[in-house]
There are 2 protein chains.
Amino acid sequence: MGDADVLRQVGLRVTAARLAILRTVREGGHLDVDSIHRRTREHVGQVSLQAVYDALRALHEAGLLRKIEPMGSPARYEARVGDNHHHLVCRTCGSVTDVDCVKGQAPCLDPTDTSGYLVDEADITFWGICPRCQTKGN
Amino acid sequence: MGDADVLRQVGLRVTAARLAILRTVREGGHLDVDSIHRRTREHVGQVSLQAVYDALRALHEAGLLRKIEPMGSPARYEARVGDNHHHLVCRTCGSVTDVDCVKGQAPCLDPTDTSGYLVDEADITFWGICPRCQTKGN
DNA sequence: TTCCTTTACTTGAGTCATTCAATAAAACGA
DNA sequence: TCGTTTTATTGAATGACTCAAGTAAAGGAA
């Protein structure tokens with residue numbers, strides 16, 4: 001199934017911008033909005049930053065993209081959704097790496113005491129220094 | 001040991017603003033900067049917003065306060081540090097509640113595969129609907 | 001195909017949390 | 001008490017993101 005069908009399936013219109021943005025995020029890893037904007041332009045020419053914001057929100061609300069916001073840095077988007085994986089974030093360079101769920105397949109949704117909350121998601125970020133920044137000294 | 005000594009111990013000068021801010025955060029739970037500013041004023045009169053930002057950063061860097069930034073809302077500070085607890089955040093009203101570490105005393109610092117990262121902290125946020133918002137029938 | 005309605009895109013201005021910069025005022029060791 | 005260093009004040013700036021109004025494109029209906 002192509003991306004056009006994926007979009008239609010979630011009730012979104014198929015536009016060049018959305019197809020390009022979807023592709024960009026898939027290729028890119030964990031890109032911020034600015035990077036997505038720049039790379040998307042390389043694919044389809046002119047696209048406004050607002051169009052990128054709009055499309056990312058639509059794609060995110062439709063469940064096609066996941067949005068992460070590590071403390072202190074702008075939002076990032078990734079195409080890997082629905083598998084409840086977590087993230088390693090480098091304190092030095094800010095790079096993000098996926099980590100599979102700590103508990104295997106289970107969705108990590110069980111704090112020992114939920115205090116009455118109806119919990120539907122566990123958002124887990126591991127902070128540390130990435131291999132490259134370790135070797136770079138400091 | 002009083003707060004003044006606590007401040008001196010971490011190498012910070014003792015000022016009325018810092019003492020009041022520390023007290024405010026202790027009393028407040030998970031307050032954002034604006035709330036801290038407002039409440040601190042009630043304790044000591046005039047304090048500028050920037051002084052609050054500066055003090056919070058200093059206190060945070062000194063390890064006296066913990067900073068959390070749930071997606072989509074301004075930063076919040078809490079006085080409970082060093083025990084690696086986690087947070088429940090309400091999707092509806094944004095309120096934050098503490099949860100003890102899922103793994104008991106252990107610091108939850110073991111993703112199955114760290115990809116070479118030197119991990120020093122696990123930041124875990126559980127998202128859901130708080131009891132009050134559940135009964136309010138959204 | 002053409003028309004029409006709905007949805008998306010563009011441009012430009014606005015908001016909010018946070019930071020920067022320069023001056024004034026305290027803290028605290030000498 | 002003095003002098004240096006750190007902290008506070010005031011005001012301006014930044015950056016990520018949103019809002020709003022008009023234009024363009026998508027896709028169903030005629």
Side-chain angles (χ1 to χ4, degrees), chain A residues 2-25 30-38 40-41 43-62 64-65 67-77 94 96, chain B residues 2-25 30-38 40-41 43-62 64-65 67-77 94 96:
Chain A
D3 280 347
D5 300 299
V6 172
L7 287 174
R8 272 187 280 264
Q9 202 168 22
V10 296
L12 292 175
R13 286 192 179 170
V14 178
T15 70
R18 285 174 175 172
L19 291 173
I21 288 167
L22 206 44
R23 181 179 151 203
T24 301
V25 176
H30 304 87
L31 300 173
D32 58 28
V33 179
D34 230 62
S35 306
I36 294 169
H37 184 213
R38 247 181 301 103
T40 300
R41 286 181 160 195
H43 291 145
V44 292
Q46 165 67 11
V47 183
S48 71
L49 182 58
Q50 274 58 35
V52 176
Y53 271 104
D54 287 352
L56 288 172
R57 179 154 41 71
L59 295 170
H60 176 235
E61 285 174 1
L64 299 181
L65 295 183
K67 181 181 186 181
I68 61 177
E69 299 184 44
M71 293 203 309
S73 63
R76 291 164 176 274
Y77 290 84
V96 179
Chain B
D3 280 347
D5 301 298
V6 171
L7 287 173
R8 271 186 281 265
Q9 202 168 22
V10 296
L12 292 175
R13 288 191 178 171
V14 179
T15 70
R18 285 175 175 173
L19 291 172
I21 287 166
L22 206 44
R23 180 181 151 201
T24 301
V25 176
H30 304 87
L31 300 174
D32 58 29
V33 179
D34 230 61
S35 305
I36 294 169
H37 183 213
R38 248 182 300 102
T40 300
R41 284 180 161 195
H43 291 145
V44 293
Q46 164 66 9
V47 182
S48 71
L49 182 59
Q50 275 59 35
V52 175
Y53 271 103
D54 287 352
L56 288 171
R57 178 155 41 73
L59 295 169
H60 176 235
E61 285 173 2
L64 299 180
L65 294 183
K67 182 181 186 179
I68 62 176
E69 299 184 43
M71 293 202 308
S73 64
R76 291 165 175 272
Y77 290 84
V96 179

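In what follows, chains carry the letters A, B, and so on, assigned in the order in which the sequence lines appear, proteins first and then strands, with residues in each chain numbered from 1. Below, all heavy atoms of this structure are taken into account, side chains as well, without hydrogens, waters or symmetry copies.
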Atom CD1 of B:Ile21 and atom C1' of D:dT9: how far apart are they, to the nearest Å? 13 Å
Would you name the heavy atoms of B:Thr24 and B:His43 that are closest together and state the gap between them? OG1-ND1, 3.2 Å
For nucleotides 6-8 of chain D, list the nitrogen or oxygen atoms of the protein found under 3.5 Å from its nitrogen or oxygen atoms, one pair per line.
from	atom 1	to	atom 2	distance (Å)
D:dT6	O4'	B:Arg13	NH1	3.2
D:dT6	O4'	B:Arg13	NH2	3.3
D:dT7	OP1	B:Arg18	NH1	2.5
D:dT7	OP1	B:Arg18	NH2	2.8
D:dT7	O5'	B:Arg18	NH2	3.0
D:dA8	OP1	B:Thr15	OG1	2.9

Take B:Arg76 and B:Glu69 through the side-chain contact (heavy atoms from CB on, under 4.5 Å) test and state the conclusion after the steps. CA-CA 6 Å; B:Arg76 291 165 175 272; B:Glu69 299 184 43; over 6 Å; no
What residues, two or more places apart in sequence or in another chain, satisfy ring pair (Phe, Tyr, Trp, His ring centres under 6.0 Å) together with A:His37? none
Can you name the nearest heavy-atom pair linking B:Tyr77 to B:Val25, along with the distance? O-CG1, 3.7 Å
So which atom in A:His30 and which in A:Val96 form the shortest heavy-atom distance, rounded to 0.1 Å? ND1-O, 3.4 Å
Check the pair A:Val52, A:Ile21 against side-chain contact (heavy atoms from CB on, under 4.5 Å), reporting the backbone distance first and the verdict last. CA-CA 7 Å; A:Val52 176; A:Ile21 288 167; 4.2 Å; yes
Between its two end axes (five pairs each) the helix from C:dT1-D:dA30 to C:dA30-D:dT1 turns, nearest 10 degrees, through 30°
Could you tell me how far apart B:Met71 (CE) and D:dA16 (P) are, to the nearest whole angstrom? 18 Å
So among A:Leu64, A:Ile36, A:Leu22, which one has a side-chain contact (heavy atoms from CB on, under 4.5 Å) with A:Leu56? A:Ile36
Separation of C:dC28 C1' from B:Leu7 CG (nearest whole Å): 14 Å
Atom CZ of B:Arg8 to atom C1' of C:dA27: distance rounded to whole Å? 10 Å
Output a table of donor-acceptor pairs, distance under 3.5 Å, between side-chain atoms of residues 2-17 of chain B and any protein atom two or more places apart or on a different chain; print 'none' if there are none.
from	atom 1	to	atom 2	distance (Å)
B:Asp3	OD1	B:Arg26	NH1	3.1
B:Asp3	OD1	B:Arg26	NH2	3.0
B:Asp3	OD2	B:Arg26	NH1	3.0
B:Asp5	OD2	B:Gly2	N	3.4
B:Thr15	OG1	B:Arg18	N	3.1

Suppose we screen for salt bridge (Lys or Arg N to Asp or Glu O under 4.0 Å). Which residues come up paired with B:Glu61, at least two apart in sequence or across chains? none
Show me the protein contacts with nucleotides 16-19 of chain C, counting only N or O atoms at under 3.5 Å.
from	atom 1	to	atom 2	distance (Å)
C:dT18	OP1	B:Ala75	N	3.0
C:dT18	OP2	B:Tyr53	OH	2.9
C:dT19	O4	B:Gln50	NE2	2.6

